[in-house]
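Numbers here simply count residues along the sequence, with the first being 1.
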Amino acid sequence: MIQEQTTYSELINLTKQVRAFSSNSHDLFNEKLEKLLRTKSSDDLLKSELTIFCFQILENASFVKAFTEYGILSDRGFISEIILRLKHKILPPNYDEKELNQFIRLLFHKQDDYIWLQKINSSNWKLIAQLIDGKQLITHSKQLTHQIYQAIIILSYRLSSIVINPYITSKFRDTGYTDETFFEFNNQILSFIKKHFNDNTIEIDDNEFEIVLKNLNSAEELFLQLESKKDEIGTSLHLTFLSIRARQHIDRIRLLLELFVTKGEQDNILNVSKLLTELVKAEHKKNSLSEFVKANTHLMAYRIICHASEKGEHYIGFSKKENRKLLKSAMGGGLIVVFLVFIKQFIHTLHLSLFFEGFLFGLNYGLGFVLMHLLHFTLATKQPAMTAAYIASGIDKSNKENTNPWLMFKQVINSQFISLIGNLIIVLPLCFLITWGFMNFLDLHVLNEDEAKNSLYSNHLFYSGSLIFAAIAGVFLSITGIIIGYVDNKVVYSEIPERIIKHPSLVAIYSLTLRKKIAAFIGKNLGGIIGNLLLGFMLGMAGNIGHFIGIPFDIRHVTISSGYFGLALGSGYQLGLDLILTVFVSVLLIGTVNIISSFLISFILACRSRNLSWKETLKILTKVTS
């Protein structure tokens with residue numbers, strides 16, 4: 001009879017030794033590990049401790065709970081899962097001493113231990129297995145098989161409940177999927193494992209097992225189709241959550257089936273090592289908010305960025321003809337900005353409260369930006385948020401080596417310059433001329449002397465935080481790109497155009513042709529309308545919010561700043577040449593910061609949505625800018 005052991009000093013020391021060189025490359029790590037394990041092969045105390053440790057796990061731990069819960073999302077849902085993880089980060093749950101995670105943490109208590117476990121190759125896992133006296137554990141093989149059997153049944157039924165969820169089945173159009181198809185598959189798994197569990201003398205029929213695995217793969221394919229069709233059907237957090245949870249169940253069932261049917265020692269060692277690595281990783285990631293949010297928001301982020309990328313392509317000129325069209329579009333945008341500047345100044349003269357003044361500022365900008373969108377005019381600094389996504393769309397992991405990011409970047413820079421020039425050559429001169437005309441022909445001063453000087457000094461490079469405020473504006477511009485992509489995805493996912501066409505009230509009033517036109521307009525423009533409206537409120541209310549709270553919080557946008565620069569010059573007051581030149585340079589720098597900050601944030605988000613690491617993102621960014 002094996003006696004209970006509680007210290008495991010040699011076993012713990014072995015993991016410490018392995019951890020010491022775990023940062024080495026894969027080959028060097030395994031080379032050192034093999035040397036260490038061969039040295040330890042003659043250490044009887046270590047072999048005894050490892051055997052006893054495995055015995056205690058098999059004797060006491062609940063494998064059913066570990067197999068069915070560790071590393072698998074619960075059915076609580078996205079928000080509930082986040083709240084639970086936050087609670088457990090603050091106050092961890094009270095685990096039973098015989099819970100499997102207590103045994104895992106005894107040896108693998110470091111957060112990154114699973115990384116070096118993943119590095120261990122098959123030959124080293126075999127050496128580790130040779131340190132264990134398997135004869136001492138043979139009495140527990142039937143008990144472990146029974147727990148694997150129970151776990152497969154539980155996972156299979158849970159997977160069934162996910163697949164028949166109306167939220168999932170409503171998206172499986174044109175796939176030939178029916179509930180009966182999956183129920184047949186589920187029954188096939190259950191009958192297979194019951195037959196071989198009740199009589200383990202029956203030889204495993206390889207063909208029968210292959211059919212079970214094939215059907216399991218077919219179930220997985222259903223959920224992969226949800227991802228592949230994200231362009232057509234859109235996605236949501238809940239749909240992504242269910243899809244990830246289903247695939248986790250499928251992966252675990254597949255692994256447990258391999259363990260259940262495998263008789264060969266080598267294959268069993270590999271399956272056990274894979275399962276051990278999964279359980280260790282799951283234990284250390286169970287309360288990780290970043291991992292959970294990243295996994296569940298990846299598809300949505302990808303789709304949102306793709307929508308931005310599709311729009312971003314329209315902001316880039318690929319030929320002289322397109323560049324001329326882009327210049328005209330930017331000049332049209334500049335014309336609208338001129339009206340926005342004068343309307344804003346008129347609102348300011350009303351001397352309303354901070355809130356109502358800020359609200360009207362935001363409404364003024366928002367309606368102006370929406371008008372720009374509907375007339376297909378261009379606001380130069382809105383481009384980076386869209387064009388960054390366009391660049392990143394050609395640099396994902398699958399094709400980043402085969403693209404020419406520098407050429408794409410060059411096209412973006414040229415288009416940015418053309419759009420910025422198009423805005424400024426309209427905004428600055430027109431604001432100057434209109435103000436000058438009001439003063440000379442109507443004896444009307446748009447700005448008084450103090451307001452003229454304040455408008456200059458508020459954009460001054462040294463006497464204000466104009467460049468910081470310009471970066472804040474860049475953040476708002478990036479957020480706008482995300483909002484537009486989110487709404488566009490929502491329109492597709494929620495089938496809003498189709499629902500408008502079939503709306504009973506509209507059917508009773510309008511013809512099919514008109515309903516289709518309304519649906520097409522909303523499908524094409526809803527994201528742009530909402531995004532531009534919110535951008536207007538963010539830019540318009542920022543300064544008033546900062547003033548109300550009492551903090552230096554504001555925005556500087558190159559077109560608005562250039563418009564007020566034109567108003568100040570056209571007011572006819574005595575202004576020093578050095579002040580005028582400095583502010584002019586400051587306005588150009590504001591535009592530069594607007595563009596750079598918006599582009600960088602959007603580019604990073606676009607790369608991250610494609611699962612590129614920070615190192616890969618930096619490498620690509622260096623490549624396109626060098």
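A distance of 10.0 Å separates CD1 of I501 from CD1 of I518, quoted to the nearest 0.5 Å. With values rounded to the nearest 0.5 angstrom, L535 atom CG is found 7.5 Å from L379 atom CG. Remark: L327 CG to F417 CZ distance equals 10.5 Å, nearest 0.5 Å. Interatomic distance, CG of L289 versus CZ of R85, reported as 7.0 Å (0.5 Å rounding). In this structure, CZ in F565 is found 11.5 Å from SG in C431, a value given to the nearest 0.5 Å. Summarising the geometry, atom CD1 belonging to I522 is positioned 8.0 Å from atom CD1 belonging to I529; distances are rounded to the nearest 0.5 Å.
Side-chain contact between R515 and V507 is present, with at least one heavy-atom pair separated by less than 4.5 Å. In this structure the side chain of L420 never reaches within 4.5 angstrom of the side chain of T559, judged on heavy atoms. Put simply, the side chain of M372 does not reach to within 4.5 Å of the side chain of T378, judged on heavy atoms. For the pair L539/F369, a side-chain contact is recorded, criterion being any heavy-atom separation below 4.5 Å from C-beta on. The shortest side-chain heavy-atom distance between I555 and I560 does not fall under the 4.5 Å cut-off. The shortest side-chain heavy-atom distance between K281 and T277 does not fall under the 4.5 Å cut-off. You'll find the side chain of K517 reaches within 4.5 Å of the side chain of T513, heavy atoms only. You'll find the side chain of F521 reaches within 4.5 Å of the side chain of L374, heavy atoms only.
The stretch residues 500-511 participates, sequence neighbours left out, in no side chain to side chain donor-acceptor pair (under 3.5 Å) pair at all.
Side-chain atoms of S478 come within 3.5 Å of backbone N or O of S598 as a donor-acceptor pair. Of the possible polar contacts, none joining the S288 side chain to the H284 backbone as a donor-acceptor pair under 3.5 Å is found. With N364 contributing its side chain and L340 its backbone, the two residues share a donor-acceptor pair below 3.5 Å. Checking side-chain atoms of R245 against main-chain N and O of I162 turns up no donor-acceptor pair under 3.5 Å. Between the side chain of S329 and the main chain of K325, no donor-acceptor pair closer than 3.5 Å is present. Judged by distance alone, with hydrogens and angles left aside, the side-chain atoms of R252 form no donor-acceptor pair with the main-chain N or O of E69 at under 3.5 Å. E220 places no side-chain N or O within 3.5 Å of a backbone atom of I250 that could act as its donor or acceptor partner.
Scanning both residues, G334 and N423, for their nearest heavy atoms gives N-ND2, 3.5 Å. Closest heavy-atom contact between R499 and S494: NH1-O, 2.8 Å. Considering all non-hydrogen atoms of both residues, G71 and A282 come closest at N-CB, 3.1 Å. Across all non-hydrogen atoms, the minimal contact from R158 to T68 is NH1-O, 3.0 Å. The minimum heavy-atom distance linking H557 with N594 is given by the pair CA-OD1, 3.5 Å. In terms of heavy-atom proximity, L367 sits nearest to L533 at N-CD1, 4.1 Å.
With respect to the salt-bridge test (charged N to carboxylate O, under 4.0 angstrom), the residues K490 and D488 do not qualify.
Annotation: K344, atom NZ; neighbour count of heavy atoms from other residues, nucleotides and ligands within 6.0 Å is above 12. Residue K286 qualifies as enclosed at atom NZ: its count of foreign heavy atoms under 6.0 Å is above 12. Residue I468 qualifies as open at atom CD1: its count of foreign heavy atoms under 6.0 Å is 12 or below.
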Check against side chain to side chain contact (heavy atoms under 4.5 Å, CB included), V558 and L424: CA-CA 8 Å; V558 60; L424 294 183; 4.1 Å; yes

Evaluate I472 against R556 for side chain to side chain contact (heavy atoms under 4.5 Å, CB included), listing each step before the verdict. CA-CA 8 Å; I472 294 173; R556 291 293 180 271; over 6 Å; no

Between E81 and S74, does the side chain to side chain donor-acceptor pair (under 3.5 Å) criterion hold? Intermediate values first, please. CA-CA 8 Å; E81 185 70 23; S74 70; 2.9 Å; yes

Between N217 and R254, is a side chain to side chain donor-acceptor pair (under 3.5 Å) present by the stated rule, with each step listed? CA-CA 9 Å; N217 293 335; R254 186 185 289 116; 2.8 Å; yes

The test is side chain to side chain contact (heavy atoms under 4.5 Å, CB included); show your working for L255 and E278 and say whether it passes. CA-CA 11 Å; L255 181 54; E278 278 189 18; 3.9 Å; yes

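Ring planes of F359 and F537: tilted class, angle from 30 to 60°.
A donor-acceptor contact closer than 3.5 angstrom is absent between the side chains of N459 and S586.
Partners of E357 by side chain to side chain contact (heavy atoms under 4.5 Å, CB included), not counting sequence neighbours, listed by chain and number: I347, H348, L352, F361, N544.
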